[in-house]
Amino acid sequence: MKTLILPILLCSSFAYAASDAPLQRYQCDEGQSFEIRQTTPESIELRAAWSFIPLPQVVAASGTKYSDGRTTVWLKGDSGFMERDDVIVANNCSLVPIDEPLTPIRDAASGLIFIPPDRWTANQVQIDVKSGPEIPFYGETATQQFEFRFRAGVASQKYPLLDILVFPKAAWSKLSPPPRGQVLGDDGKRVYVAQLPANNPFDPASKEGKEFIALQTNLAEVQQAFSMYGIVKQAAVESVTAKVMWLDRRLYPGAVLTVELRDVSRMDAPAEVIAKQIITLEQGTPPTVTLKFSPDAINPRNTYSIGARLEMDGKLIKINDTHTPVLTRGAGREATVMLKNI
């Protein structure tokens with residue numbers, strides 16, 4: 001399963017976990033966050049990038065401590081913190097509900113870029129990635145399969161919402177008949193195919209049936225959310241992703257959110273805006289915003305930051321007042337922006 005959490009702080013090899021243990025999310029005081037799941041009474045797994053790090057429980061003077069000798073998670077009730085090489089990298093963290101949209105997939109290895117619908121949240125939809133022989137029916141020809149599954153019921157059984165299969169073009173040309181589904185794209189090296197479920201596996205009047213209907217997608221929506229890494233790169237379009245948050249749990253439907261990618265290199269001059277997106281919050285919940293820009297606009301020696309503000313009825317009500325670095329000087333392409341009340 002691939003989801004990006006703390007991209008700057010944690011690194012891990014590709015290892016896709018299959019556990020159905022529920023995830024727990026901890027939100028920290030400087031905007032960092034981490035997610036864990038209890039795999040046994042004496043161990044947890046920490047989500048890191050697109051994989052999981054197993055952490056066994058170790059002796060602690062207070063609270064509960066999990067560590068592999070390098071990465072450590074301390075928990076006490078609904079609070080905790082995380083260390084990396086004996087340095088605290090996420091402090092004053094509190095347990096919060098997992099209801100944020102799924103993280104977009106930008107995978108250079110498979111060439112896939114896919115931005116899941118905002119209504120697909122982490123507590124309802126699970127992403128699994130299979131490769132080679134693990135792929136049902138097409139293990140000898142497809143290289144990867146990205147599965148999006150609805151998690152329902154007490155046992156969190158998984159029901160298909162969407163599969164995206166990646167085929168080498170040479171293997172694809174030899175398939176007869178071609179696989180079920182619709183071709184999304186062809187980058188010259190690979191062919192991408194979308195498979196959608198044929199029907200609702202639940203009674204449409206049931207709770208699960210209504211949830212499944214709300215999560216269902218269609219080919220037009222999938223095509224709009226899909227692009228190919230190689231084509232995007234050739235078109236000189238890149239992006240950063242900002243997860244906007246605020247500490248109070250109040251909703252702000254109708255509020256206007258402005259998110260900007262800024263060059264903040266010059267201390268004696270106003271920041272230069274590289275990319276901007278302005279959206280009206282329909283549900284009033286904190287969103288994830290993708291800012292697109294030309295790579296020619298970025299100087300590797302400069303410093304870039306994400307800025308955001310929230311306005312209601314023309315009045316500024318929230319703003320981020322801390323530097324949120326992206327792109328250069330060791331920063332990544334995804335950031336969490338914490339807004340504070342004015």
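Along the sequence shown, the residues carry numbers beginning at 1. Only a predicted model underlies this, so the values are computations on that prediction, with no experimental measurement involved.
Remark: the backbone N or O of Arg180 is paired with a side-chain donor or acceptor of Gln195 at under 3.5 angstrom. A donor-acceptor distance shorter than 3.5 angstrom exists from the side chain of Asp203 to the backbone of Ala205, with no hydrogens or angles considered. A donor-acceptor distance shorter than 3.5 angstrom exists from the side chain of Asn320 to the backbone of Ile306, with no hydrogens or angles considered. Checked by atom type and distance alone, the side chain of Gln277 pairs as donor or acceptor with a backbone atom of Thr290 at under 3.5 Å. Remark: side-chain polar atoms of Ser265 are paired, donor with acceptor, to backbone N or O of Thr303 under 3.5 angstrom. In this structure, Arg309 contributes its side chain and Val256 its backbone to no donor-acceptor pair below 3.5 Å.
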Next on the checklist: Working note: Asp128 + Glu134, criterion side chain to side chain contact (heavy atoms under 4.5 Å, CB included); need CA distance, chi angles, decisive distance, verdict.
Outcome noted: CA-CA 11 Å; Asp128 289 322; Glu134 300 173 336; over 6 Å; no
Item to check | Criterion side chain to side chain contact (heavy atoms under 4.5 Å, CB included) on Leu247 and Met338, from CA distance to verdict | outcome: CA-CA 8 Å; Leu247 290 178; Met338 184 65 66; 4.0 Å; yes
Next on the checklist: Run Leu281 and Leu310 through side chain to side chain contact (heavy atoms under 4.5 Å, CB included) and show every step you take.
Outcome noted: CA-CA 10 Å; Leu281 305 185; Leu310 190 67; 3.8 Å; yes
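Aromatic pair Phe146/Phe114: centroids not less than 6.0 angstrom apart. Centroid-to-centroid, the aromatic rings of Tyr304 and Phe293 stay 6.0 Å apart or farther. Proximity of the aromatic rings of Phe226 and Tyr192 is defined here by a centroid distance below 6.0 angstrom, and this criterion is met.
Between Phe148 and Trp120, the ring planes lie tilted relative to each other; the angle falls in the 30° to 60° range. Using a 30° and 60° split on the angle between ring planes, Phe34 and Tyr26 fall in the parallel class, below 30°.
Salt-bridge check for Glu238 with Arg333: passed, with a basic side-chain N closer than 4.0 Å to an acidic carboxylate O. Taking a cutoff of 4.0 Å between a charged side-chain nitrogen and a carboxylate oxygen, Asp163 and Arg149 qualify as a salt bridge.
Nearest heavy-atom pair, Glu208 versus Phe202, reported as atom, atom and distance to 0.1 Å: CB-CD2, 3.6 Å.
A side chain to side chain contact (heavy atoms under 4.5 Å, CB included) with Glu272 holds for exactly one of Asp263, Val264, Asn302; it is Asp263.
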